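Atoms within a ligand are numbered from 1 in the order they appear, just like the ligands themselves. Not measured: the values here are computed from a predicted model. All residue numbers in this chain count up from 1 along the given sequence.
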Amino acid sequence: MSNFNFQPIGVFDSGFGGVSILLESMRILPYEDYIYVADSANCPYGNKSQDEIVFLTENITEFLLENNVKMIVVACNTATTAAIKHLRAKYSIPFVGVEPAVKPASRMSKSGVIGVLATEGTINSDFYNTTKSRFASDIKVISIAGDGLVEAVEKSMMDNPATIKLLEKYILPMIDGGADQLVLGCTHFPFLIEQIKRVSSGKLNVINPAPSVARRVKDVLDSFNFDIKQTNGKVEFYTSGSPAALHDFLFSISGIKYDVKRYEYGKVSSTGS
Ligand code: DGL
């Protein structure tokens, strides 16, 4: 186990969405090193089969393991619901996933109705439906597939009128149906939080899973005694899509010009931002 604590944490998503979880993890665990993989060339995952998602996430896991990570955060609801059981069974490293926060939303709801905005893949998964019947059997859950929203975030089109129209189409029926909580069941959606609040006129309590996933990462590190590093952490970014697009997205949300390298099925084929 020598130097084990100095190994980086791997974080991945189908694209930019998992950055919402990465930033929160960096905030509460600033001394850790991170490697982030955005599989933007294969985004969205939401309409892919489980077999395809297992294949893609295995590739990313192998790449992260080659880069010596000590744990992996599956910062994607769709990949968690489709593949985390498989990944945990195949690899001995700890995995932390993210799934729609149905349990806390049910507890907080006063109206007895909650809205869940997620991808089609997540909504149709056994994983999600099991969670719903375990934690929300006594309330009404309005689950809506936010088609087009992942793509809008990937293109940094958060304020585009077409994106606002989509948000209205998905969110207003939840309010009409009596929901008082909105679960963001996709890690891309926290980047739409301002627009969602505007569209819902403050009528929904919006639940962003990023802080609780980051706390879970910390708990896992604590339980393995992993978090003793005391020098400033660094973060490396890889994408299977356009490095320039991820670079610009990161700059727009953080003001930092990160170098972004290219990831291609487990091989880094070129670098640059
Ligand atoms: N960020 C992913 C999630 O949390 C988006 C999935 C997709 O690519 O459709 O579900």
Participant: Do Glu32 and Tyr34 get their side chains close enough for a donor-acceptor pair, meaning under 3.5 Å?
Facilitator: no

Participant: Could you name each residue pair satisfying side-chain hydrogen bond (donor to acceptor under 3.5 Å, both in side chains) that touches residues 137-152, not counting sequence neighbours?
Facilitator: Tyr128-Ser143

Participant: Distance from Ile171 atom CD1 to Lys169 atom NZ, nearest 0.5 Å?
Facilitator: 12.5 Å

Participant: Heavy-atom contacts with ligand 1 below 4.0 Å: which residues, ordered by chain and residue number?
Facilitator: Asp13, Ser14, Cys43, Pro44, Tyr45, Gly46, Cys76, Asn77, Thr78, Thr119, Val150, Cys186, Thr187, His188

Participant: Are more than 12 heavy atoms from other residues, nucleotides or ligands located less than 6.0 Å from atom CZ of Arg88?
Facilitator: yes

Participant: Using a distance-only test with no angle check, is there a side-chain donor-acceptor pair under 3.5 angstrom linking Glu120 and Asn47?
Facilitator: no

Participant: Distance check, rounded to the nearest 0.5 Å: Asn208 atom CG versus Phe191 atom CZ?
Facilitator: 9.0 Å

